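Sequence lines set the chain letters: A, B, ... in the order given, protein chains first and strands last, and positions in each chain run from 1. Keep in mind that this is a model prediction, so the values were computed, not measured.
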2 protein chains.
Amino acid sequence: MNQATESSMTEEFMLRCRAHGLKITPQRLAIFKALAGSKEHPSADGVYRKLIAQNPTISFDTVNRTLLTFAEIGIIETVESHSGVRRFDTDLMSHHHLHCVQCGKIIDFTDETLDKVPVPEKAIGNFTVLGKRMVVSGICESCRKKHA
Amino acid sequence: MNQATESSMTEEFMLRCRAHGLKITPQRLAIFKALAGSKEHPSADGVYRKLIAQNPTISFDTVNRTLLTFAEIGIIETVESHSGVRRFDTDLMSHHHLHCVQCGKIIDFTDETLDKVPVPEKAIGNFTVLGKRMVVSGICESCRKKHA
DNA sequence: GTTACTGCAAAGGCTTTGCAGTCTG
DNA sequence: CAGACTGCAAAGCCTTTGCAGTAAC
């Protein structure tokens with residue numbers, strides 16, 4: 001990601017915070033920057049460990065609470081976690097998921113045709129749509145080999 | 001659900017168990033029957049409490065382990081839980097989800113057009129598909145009113 | 001100056017693990 | 001009869017909650 005893109009994303013982030021009445025703190029900025037451009041599905045602990053190198057004073061609780069807050073305003077999402085640990089989807093671009101029901105792994109994929117599928121208006125009623133994705137569940141290649 | 005449908009579903013269930021090398025036990029049958037036809041998103045504890053009325057000797061651990069086992073063989077699924085508790089989707093029919101990012105509620109909806117959307121073969125590679133669904137994230141009506 | 005956020009710590013709750021006994025095939 | 005499953009209990013881990021101090025607006 002180049003400088004211009006990063007700063008514009010940061011500005012958009014700040015606007016979004018203000019729109020929701022959230023204050024902009026150094027911690028929130030640091031967490032946002034750690035997530036931007038990432039395509040993983042980290043747990044709160046994973047994000048925390050990524051941050052402490054650059055931000056030794058940040059606490060795990062702040063990271064965890066901030067991630068939940070971000071999820072509430074639609075900046076990130078929580079994913080269909082099958083382990084006992086909550087995981088976040090920090091990829092802000094539109095994408096879809098392959099979800100292995102055996103190992104729990106989530107594999108991202110993109111597909112422009114799926115992106116264009118409209119959300120059926122009559123089905124959603126008064127629901128305010130923030131995003132959509134296709135979740136394909138099944139068995140990944142390594143699990144299939146393992147149990148073959 | 002009528003008798004014929006229930007017994008055929010049970011037979012299909014038993015076949016699926018055998019196909020995966022799972023033994024058919026009274027507990028597994030009871031749990032399967034408790035799930036069939038349900039359209040909720042219960043936690044393991046919720047399923048357990050539903051069962052103990054009819055099956056006083058069943059243990060929570062068996063219920064929990066069985067649900068995980070069922071999820072592994074694709075009989076049920078785990079859903080994008082945003083609370084700390086794992087929830088299962090026990091509706092075996094094809095359906096889609098509205099997911100409120102604020103209260104975590106998941107609302108089922110059906111849409112035949114979405115059902116027919118093909119999974120892009122080139123994107124999934126060697127992934128064995130068991131099912132697919134659209135997950136629409138956003139804000140439900142009651143949450144929107146609450147924060148308005 | 002007010003309101004919201006952070007950091008620390010403890011409490012709480014769900015999930016996992018191990019094992020002996022029992023049951024399925 | 002062998003392998004798998006159940007039930008019980010304890011251990012483990014993540015998440016939540018409360019509060020005082022601090023920072024954003």
Problem set entry | Test item: side-chain donor near acceptor, His97(B) and Asp108(B), under 3.5 Å | yes

Keeping [X] on the side-chain end and [Y] on the backbone end, is there a donor-acceptor pair under 3.5 Å?
{"X": "Arg86(B)", "Y": "Leu68(B)", "value": "no"}
{"X": "Arg28(B)", "Y": "Thr66(B)", "value": "no"}
{"X": "Arg87(B)", "Y": "His41(B)", "value": "yes"}
{"X": "His95(B)", "Y": "Met93(B)", "value": "yes"}
{"X": "Lys50(A)", "Y": "Ala34(A)", "value": "yes"}

Nearest-Å distance, [atom1] ([X]) to [atom2] ([N])?
{"X": "Ile24(A)", "N": "dT22(D)", "atom1": "CD1", "atom2": "P", "value": "23 Å"}
{"X": "Arg86(A)", "N": "dG13(C)", "atom1": "CZ", "atom2": "P", "value": "16 Å"}
{"X": "Ile31(B)", "N": "dC5(D)", "atom1": "CD1", "atom2": "P", "value": "12 Å"}
{"X": "Phe88(A)", "N": "dC14(D)", "atom1": "CZ", "atom2": "P", "value": "13 Å"}
{"X": "Arg18(A)", "N": "dA24(D)", "atom1": "CZ", "atom2": "P", "value": "13 Å"}
{"X": "Arg49(A)", "N": "dC13(D)", "atom1": "CZ", "atom2": "C1'", "value": "13 Å"}
{"X": "Leu67(B)", "N": "dC14(C)", "atom1": "CG", "atom2": "C1'", "value": "14 Å"}
{"X": "Asn64(A)", "N": "dT15(D)", "atom1": "CG", "atom2": "P", "value": "6 Å"}

What N/O pairs connect the protein and nucleotides 5-8 of chain C at under 3.5 Å? Give each pair on its own line.
{"unit_1": "dC5(C)", "atom_1": "OP1", "unit_2": "Arg28(A)", "atom_2": "NH1", "d": "3.1"}
{"unit_1": "dC5(C)", "atom_1": "OP1", "unit_2": "Arg28(A)", "atom_2": "NH2", "d": "3.1"}
{"unit_1": "dC5(C)", "atom_1": "O5'", "unit_2": "Arg28(A)", "atom_2": "NH2", "d": "3.4"}
{"unit_1": "dT6(C)", "atom_1": "OP1", "unit_2": "Thr25(A)", "atom_2": "OG1", "d": "3.0"}
{"unit_1": "dT6(C)", "atom_1": "O3'", "unit_2": "Gln27(A)", "atom_2": "NE2", "d": "2.9"}
{"unit_1": "dG7(C)", "atom_1": "OP1", "unit_2": "Gln27(A)", "atom_2": "NE2", "d": "3.1"}
{"unit_1": "dG7(C)", "atom_1": "OP1", "unit_2": "Thr57(A)", "atom_2": "O", "d": "3.3"}
{"unit_1": "dG7(C)", "atom_1": "OP2", "unit_2": "Ser59(A)", "atom_2": "N", "d": "3.3"}
{"unit_1": "dG7(C)", "atom_1": "OP2", "unit_2": "Thr62(A)", "atom_2": "OG1", "d": "2.6"}
{"unit_1": "dG7(C)", "atom_1": "N7", "unit_2": "Arg65(A)", "atom_2": "NH2", "d": "2.6"}
{"unit_1": "dG7(C)", "atom_1": "O6", "unit_2": "Arg65(A)", "atom_2": "NH1", "d": "3.2"}
{"unit_1": "dG7(C)", "atom_1": "O6", "unit_2": "Arg65(A)", "atom_2": "NH2", "d": "3.3"}

For this session: Just call it for Asp45(A): base, sugar-phosphate, or nothing, with non-hydrogen atoms closer than 4.0 Å on any strand.
Result: nothing

